[in-house]
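Have a look at the structure below before the remarks.
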Protein chains: 2
Amino acid sequence: MSEADVKELLWRNPLFMSLPDAALDEVLFASKLRKIPAKTTIFHQGDIPKEMVALGNGIVKVWQMRSGGATATIHVLGPGDLIGATAVFGRLPLLATATTVTDCVLLSWAVALTHDLMERFPVIRLNALGYVSLHAEELVQRLGEMATERVEQRIARSLLRLADHIGLAASGGVEIGYPLSRQDIAEIVGTDLYVVSRVLHDWTDRGFIMAGRLRIILCDRERIEQIATEGR
Amino acid sequence: MSEADVKELLWRNPLFMSLPDAALDEVLFASKLRKIPAKTTIFHQGDIPKEMVALGNGIVKVWQMRSGGATATIHVLGPGDLIGATAVFGRLPLLATATTVTDCVLLSWAVALTHDLMERFPVIRLNALGYVSLHAEELVQRLGEMATERVEQRIARSLLRLADHIGLAASGGVEIGYPLSRQDIAEIVGTDLYVVSRVLHDWTDRGFIMAGRLRIILCDRERIEQIATEGR
DNA sequence: CGCAAGATTGAAGGACATCAAAGGGCGTGG
DNA sequence: CCACGCCCTTTGATGTCCTTCAATCTTGCG
């Protein structure tokens, strides 16, 4: 990956938008680039983060191991997303573990350096505030859904979000852009893989989706949106 | 309420901590103070906020009306908390309605003014970033709980949070500092008032709490924490 | 005292979780 | 290249937690 490519990554990152070119160069110079394989843990739940990480390429899952052995997936991140940002910005311990799902390209900055950059280039802090605020609003939305909606509805919402966030155009619809098992979906919506299997099968019969092994294509977005909002 | 009192409010507010005295005066001068009665709506779900609001005194409930008629309570705010902060900082529409539970004293700043103050006093923006980050982490935690835990466990967690946040010392324990019905708790944890009633009654029998009409006192914090973490 | 709002309690039903077992893809190694 | 084995998926049966409905009881207040 060339320096120009990395600069392109930065340029499109929500944190560094509207940054003057000279400043961008400095951020670039201060960054550390690394590639890591799938199923590698970047941050561990409970740790104090030592660096701020931006995802250049690949998919990262942010999840919690909870008492009783259950695991909850908090977020599925794609290119451009920040990892552990709230912990770094708030100087807080991490509440979740971040693990790569696919091979990934990461950009990182040591915590002190991150704060230093924000101090020197106020636009970055402005962007950070906007990013975290947006993130918080999404969490509010999901909390409301979790509190009031049924499993089928929540599955619909999750798939729509995944499609919008990391979806790929496919023949006959939008495909979720990474291997996604029934278990994975279950951990996102807070249920078990059996319920997910039944729901997806039902939707397949009705022609809303095409579901394969580790693979889901949304065919009829309208109908899925209908399920997401109306519940049936 | 005297000017000195208001300044005291600001001084303790998470957004204006570590602010030089002169700057604090300016913030104070730019602020608008108002008192509003209980059960008044401050922000409406879906609106674009016109001002940033800090809660000086009283209790405010932040809640969503959801399709199907269900309502979910996102947050119960007490003195010092910000209302609609993420929407203002992220220039986003509000995802929830904010309604006063008790009579309240509010401090507010027009949106443009808020951004202007942050621009001129970078410490405020730094504080804002920390505040929103902390808020986001709490939401992550609650999302994980909602996804994996049973109702009784979630009730325990809610009561502990309420006690820590707006609890008052009472004879025999900590009392939740405002009128709180079974229905209110149900909307916080995502269930119905009947389940809440049964659980609270059970806890009363076991001596963990004292539950009255619109009134709850936590007697045995240890045991409630145990329920919150272990599930029984 | 009587009313209204909150709280309790029982019964019945439904959505979901759990357990068990069998049926496919897909990669790997013989 | 085929067969084996692993992992993902499906499907049924069963149990339970929770929701819903209905009715009664309590409490505080006008």
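Throughout, protein chains are lettered first and strands after them, A, B, ... in sequence-line order, and every chain is numbered starting at 1.
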In Å and rounded to the nearest 0.5 Å, what is the CD1 to CD1 distance from Ile209(B) to Ile224(B)?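 Rounded to the nearest 0.5 Å, the CD1-CD1 separation comes out at 6.5 Å.
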Would you give the length of the straight line joining atom CD of Glu175(A) to atom SG of Cys219(A), rounded to the nearest 0.5 angstrom?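 Interatomic distance, Glu175(A) CD to Cys219(A) SG, rounded to 0.5 Å: 10.5 Å.
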Nucleotides bounding contact with chain A, strand DNA chain D, heavy-atom threshold 4.0 Å: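 From 5' to 3', the first and last contacting nucleotides are dC7(D) to dT20(D).
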Give, ordered by number, those residues of residues 191-201 of chain A having at least one heavy-atom distance below 4.0 Å to an atom of DNA chain D; if nothing qualifies, reply none.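 Leu193(A), Tyr194(A), Ser197(A), Arg198(A), His201(A), in order of number.
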Roughly, in whole Å, what's the span from [atom1] in [X] to [atom2] in [N]?
X         : N       : atom1 : atom2 : answer
Gln153(A) : dG14(C) : CD    : P     : 19 Å
Glu149(B) : dA17(C) : CD    : C1'   : 16 Å
Gln183(B) : dA7(C)  : CD    : P     : 9 Å
Arg150(B) : dC16(C) : CZ    : P     : 14 Å
Ile216(B) : dG6(C)  : CD1   : P     : 14 Å

Which pair of heavy atoms, one from Ala136(B) and one from Ala136(A), lies closest together, and at what distance?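 Closest approach of Ala136(B) to Ala136(A), heavy atoms only: CB-CB, 4.4 Å.
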So Thr86(B) and Leu139(B), do their side chains get closer than 4.5 Å, heavy atoms only?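 Of all side-chain heavy-atom pairs linking Thr86(B) with Leu139(B), none is under 4.5 Å.
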His75(A): ring-ring contact (aromatic ring centres under 6.0 Å, His included) partners, not counting sequence neighbours: His135(A)
Who pairs with Trp63(B) by ring-ring contact (aromatic ring centres under 6.0 Å, His included), at least two apart in sequence or on another chain?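 For Trp63(B), no residue satisfies ring-ring contact (aromatic ring centres under 6.0 Å, His included) once neighbours in sequence are set aside.
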Taking only side-chain N and O atoms of Arg213(A), does any of them lie within less than 4.0 angstrom of OP1 or OP2 on dC26(C)? no
Which residue, Val195(A), Leu200(A), Val199(A), forms the side-chain contact (heavy atoms from CB on, under 4.5 Å) with Arg182(A)? Leu200(A)
Which of these passes side-chain contact (heavy atoms from CB on, under 4.5 Å) with Phe43(A): Thr97(A), Val62(A), Ile48(A), Ile83(A)? Ile83(A)
Can you pull the salt bridge (charged side-chain N to carboxylate O under 4.0 Å, His left out) pairs that have at least one residue in residues 46-65 of chain A, sequence neighbours excluded? Arg34(A)-Glu51(A), Lys61(A)-Asp184(A)
Does a donor on one side chain and an acceptor on the other come within less than 3.5 Å for Glu187(B) and Gln183(B)? yes
Inspect the contact between Lys7(B) and Glu3(B) and indicate whether a charged nitrogen and a carboxylate oxygen are less than 4.0 angstrom apart. no
Bend of the helix from dC1(C)-dG30(D) to dG30(C)-dC1(D) from end-axis comparison, five pairs per end, nearest 10°, comes to 30°
